[in-house]
Amino acid sequence: MITCVVEYVIDPAKIEAFERFGRRWIELVQRHGGIHHGYFLPGEGASDKAMALFSFDSLSAYEQYRELFGVDPDFIAADHIRDESGCVLRYERTFMRPMLPDRD
């Protein structure tokens, strides 16, 4: 399993647009074989930081999902929310593998 961790710098005045953007991507990741662990939005402290975590069975499964960017109309529409609203100022993706607690 590979987990994509996306760290965002967002415009705090556009949090509602970011939430719409996030809800669309949760749906798309799940529709295309991933497991979305959620978006994590500002609570206390810095109000311009947000995060998303989602997993795919393998890096190749993630790469198949990524092939839809800029091609699939639903992906284009989801990105349009971000681009039109300006809710995301920048983001960075990191790939990690989970180490989970042992299950007895």
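The aromatic rings of His32 and Tyr65 sit tilted relative to each other, their planes meeting at an angle between 30° and 60°.
Linking Ile, Leu, Val, Met, Phe, Trp and Tyr whenever their side-chain heavy atoms come within less than 4.5 Å leaves Phe21 and Leu53 in two separate clusters. The same ILVMFWY cluster, assembled from side-chain heavy atoms under 4.5 Å apart, contains both Phe40 and Val5. Transitive grouping of hydrophobic side chains (ILVMFWY, heavy atoms separated by less than 4.5 Å) brings Phe69 and Phe95 into a common cluster. Cluster annotation: Ile81 is connected to Tyr91 through the hydrophobic network of ILVMFWY side chains, with a link wherever side-chain heavy atoms come within less than 4.5 Å. Hydrophobic clustering keeps Met1 apart from Val29 (ILVMFWY residues linked when any side-chain heavy atoms are closer than 4.5 Å, directly or through intermediates).
Under a 4.0 Å N-O distance rule, the pair Glu63/Arg66 does not qualify as a salt bridge.
Rounded to the nearest 0.5 Å, atoms CG (Leu28) and CG (Leu68) are 9.0 Å apart. The structure places CZ of Phe56 at 10.5 Å from OG1 of Thr3, a figure rounded to the nearest 0.5 Å. Rounded to the nearest 0.5 Å, atoms SG (Cys87) and CD (Glu19) are 10.0 Å apart.
Within a 6.0 Å radius of CG in Asp48, other residues, nucleotides and ligands contribute more than 12 heavy atoms.
Considering all non-hydrogen atoms of both residues, Ile10 and Ile15 come closest at CD1-CD1, 3.5 Å. Looking at every heavy atom in both residues, Leu41 comes nearest to Ala50 through CD2-CB, 4.3 Å.
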Please test Arg31 against Asp74 for side-chain contact (heavy atoms from CB on, under 4.5 Å), starting from the C-alpha separation and ending with a verdict.
-> CA-CA 11 Å; Arg31 184 188 318 160; Asp74 291 334; 2.7 Å; yes
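Contacts of Gln30 classified as side-chain hydrogen bond (donor to acceptor under 3.5 Å, both in side chains), with partners at least two apart in sequence or in another chain: none.
Trp25 has its ring centre no less than 6.0 Å from the ring centre of Phe18. Remark: aromatic rings of Tyr39 and His36 are close, center separation under 6.0 Å.
Sorted pairs that involve residues 5-14 and meet side chain to side chain donor-acceptor pair (under 3.5 Å), not counting sequence neighbours, are lacking altogether. Evaluation of the salt bridge (charged side-chain N to carboxylate O under 4.0 Å, His left out) test over residues 82-98, restricted to residues two or more places apart or in two chains, returns Asp79-Arg82.
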